[in-house]
There are 2 protein chains.
Amino acid sequence: MKEKVGKQSLKFENAPYIIGAASVAGPKEIDGPMARYFDRVSEDPTFGKDSWEEGESEMVRQAVMLAIQKAGVNKDDIRYVFAGDLLGQLIASTFGIKDMEIPVFGLYGACSTCGEALSLAAMTVAAGYADNVVAEASSHYGSAEKQFRFPLEYGNQRPLSATWTVTGSGAFVVSDRESEVCIKGITTGRIVDYGVKDSLNMGACMAPAAADVIYQNLQDFDIEPTYYDRIITGDLGKVGKKILTDLLKMNQVDISDNHMDCGIEIFDNEEQDTHSGGSGCGCSATVLAGYILKKVSSGEWKRVLFVPTGALLSTVSFNEGQTIPGVAHAVVIEHHEMSKGK
Amino acid sequence: MKEKVGKQSLKFENAPYIIGAASVAGPKEIDGPMARYFDRVSEDPTFGKDSWEEGESEMVRQAVMLAIQKAGVNKDDIRYVFAGDLLGQLIASTFGIKDMEIPVFGLYGACSTCGEALSLAAMTVAAGYADNVVAEASSHYGSAEKQFRFPLEYGNQRPLSATWTVTGSGAFVVSDRESEVCIKGITTGRIVDYGVKDSLNMGACMAPAAADVIYQNLQDFDIEPTYYDRIITGDLGKVGKKILTDLLKMNQVDISDNHMDCGIEIFDNEEQDTHSGGSGCGCSATVLAGYILKKVSSGEWKRVLFVPTGALLSTVSFNEGQTIPGVAHAVVIEHHEMSKGK
């Protein structure tokens, strides 16, 4: 039982590795500063299909297959897929992976799903239940706006606190085969509800959950924020970033020097009119697969805390006057020196 | 790595136990033959709240807290909750567990969610990642009809192949503490798509997935169907049951003597006008918690294969003309002779 650390964390004795990662993104992402790190981008938001939803499934399929290919394994070597998206009943994931014939665990953690998937994938491999598994998460601007807000044709105004859902999918092969990137541990988040009800200010909804899980990670592992080269949240955006750093400062934790938010990095928010930043499961998933893992693999960053954040609402809960609680899942990703020269 | 068995199964070396289970159900279920086995039933479909959705969350909350109480542990002893429901973005689970302050993994496997939750819960405890975790799943007739089909006020006709969504929640404390019920292993399902598109014939959508995972379980563990006292599907109903047994017979597997379906058992289908049977995550979850586990605990049934089945659709995927694939997750639940008299 040595894996259990503190109240909410696990430290893996046999830390699993990420041996392949792939990112596929859409047209808006092409104009953002992260585009050059992505494996594939498409000018066509339906990715050659008939609808946004089918396009999102096609992204899922491409990202998973490409991650498997880049890992140098076969589809039949993958024992489980852990996958999720933002759409009701996970239809993007379902239709993206249904023909792969791989046992599947469907996950929903809103935009924290990439962290949830990586956590369960790492737990599964570290326990010896599988040699190779896939973790994947996706979102799509068109399908998400339709799911959560207004028809795009309506052209509603967006407040400056709003974020722009990323069209993208990130997939990862987690394995017991050594690589230069390992998952050392995880801190699993609780649902945190500060009573915020504004679905166009997701950063404010999610920041308390991010603060909670980051604080708990530092407590459980008995470390300072500077242990990490970067503490990287998923899609808090500019509004949420300020709330996060303020909340942690109130608890005598200062992450202002090494905090980064995928939602702020993925778009040029001034040029691209994306207001507070990018969001969606695909935001943190593509930035992790495309950008962060390259930095960790090269050793430029030795240790990062990856913390995707999710806002837990639906149109039904919103219209019935419920609050929008948040959740966040933290994954400790570290550079690993290969035991033999590679 | 001894846990891996065959292509899709795990056999736990340290098989975890179910030390507490609770079932909470609604007004229609009171008139069914399972009512006397449930811990709590309510004449009020909103469980004292303002909406079906809030009522479902209240069921979730009650079932989880009662399972913890019956297990004789404290809320603080629970390291993770694995939970899911049928509603978009899992709002029933979110608002049911949000105040418990327990780290959470949100799951979606449609009506197979109880099997998915028990699988991941068992994997987590068997690996030593936690002493006690909760697995939970729920559904609600009112919220599910609103989510997937027509407004109840519309009073649409229901074909005889249709099932009736169970209003119920089942919760389970999975633990390393010995009890008379243990989870010996799991077989995790793949998505199976036979191209069925009729959302009012869910049995036909799900039966192929059930056949696939049951067949694989028997192959992986190299056993005959008679190994189990019962092979228990979730909510195939009468239509799906026939398809399941026929499909397996085509593969020289005969489960007709020991197959049982929770959807057929939970209502008096003739008297209650529920057509093909009951359905929903809550169907298999409440029947497991209320009825099946008592039989296993007493030793009347030594071994059961619990196979909740899910139909993977949303109104969006349905309206866009997509098929309705199925998924099913099998859990091997066995009677355990206590090492010391209890």
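For the numbers below, each heavy atom of this structure counts, side chains included, while hydrogens, waters and symmetry mates do not.
Of all heavy-atom pairs spanning A:Lys4 and B:Asp131, the tightest one is NZ-OD1, 2.7 Å. Pairing each heavy atom of B:Leu107 with each of A:Glu116, the nearest pair is CD2-OE2, 4.2 Å. Heavy-atom minimum distance, B:Ile191 versus A:Thr94: CD1-O, 3.8 Å.
With a 4.5 angstrom heavy-atom cutoff, B:Phe12 touches chain A only via side-chain atoms. Only the side chain of A:Ser119 comes within less than 4.5 Å of a heavy atom of chain B; its backbone N, CA, C and O stay farther away. Using a 4.5 Å cut-off between heavy atoms, A:Ser9 touches chain B through its backbone atoms (N, CA, C, O) alone. At a 4.5 Å heavy-atom cutoff, the contact between B:Val104 and chain A is made by backbone and side-chain atoms alike.
Below 4.5 Å, heavy atoms of chain A meet no heavy atom from residues 209-221 of chain B. Identified by a heavy-atom distance below 4.5 Å to chain A, the contributing residues of residues 74-83 of chain B are B:Arg79, B:Tyr80, B:Phe82, in residue-number order.
The aromatic rings of A:Phe105 and B:His329 lie parallel to each other, with less than 30° between the two planes, well short of the 60° mark.
Inter-residue side-chain proximity for A:Phe95 and B:Leu312 is flagged as unmet; no heavy-atom pair is nearer than 4.5 Å.
From A:Ser317, atom OG reaches atom CD of B:Gln89 across 8.0 Å, with rounding to the nearest 0.5 Å. The distance from the CD atom of B:Glu320 to the CD atom of A:Glu54 is 6.0 Å, given to the nearest 0.5 Å.
Side-chain atoms of B:Tyr129 come within 3.5 Å of backbone N or O of A:Met123 as a donor-acceptor pair. Using modelled atom types, no side-chain atom of A:Gln8 and backbone atom of B:Pro103 make a donor-acceptor pair closer than 3.5 Å.
Residue A:Lys7 qualifies as open at atom NZ: its count of foreign heavy atoms under 6.0 Å is 12 or below.
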For A:Lys98 and B:Arg190: C-alpha separation, side-chain torsions, deciding distance, then whether side chain to side chain contact (heavy atoms under 4.5 Å, CB included) applies.
CA-CA 8 Å; A:Lys98 81 179 172 69; B:Arg190 308 177 292 185; over 6 Å; no

Using the rule given for side chain to side chain contact (heavy atoms under 4.5 Å, CB included), can you reason through A:Val316 versus B:Lys146, listing the C-alpha separation, both sets of side-chain angles and the distance that settles it, and then say yes or no?
CA-CA 10 Å; A:Val316 174; B:Lys146 180 166 134 186; 4.1 Å; yes

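The most heavy-atom pairs under 4.5 Å with chain A, out of B:Thr188, B:Asp193, B:Asp50, come from B:Thr188. Counting heavy-atom pairs closer than 4.5 Å to chain A, the top-ranked of the candidates B:Asp99, B:Val327, B:Leu313 is B:Leu313. Between chain B and the residues A:Ser314, A:Gly88, A:Ser51, the largest count of heavy-atom pairs under 4.5 Å involves A:Ser314.
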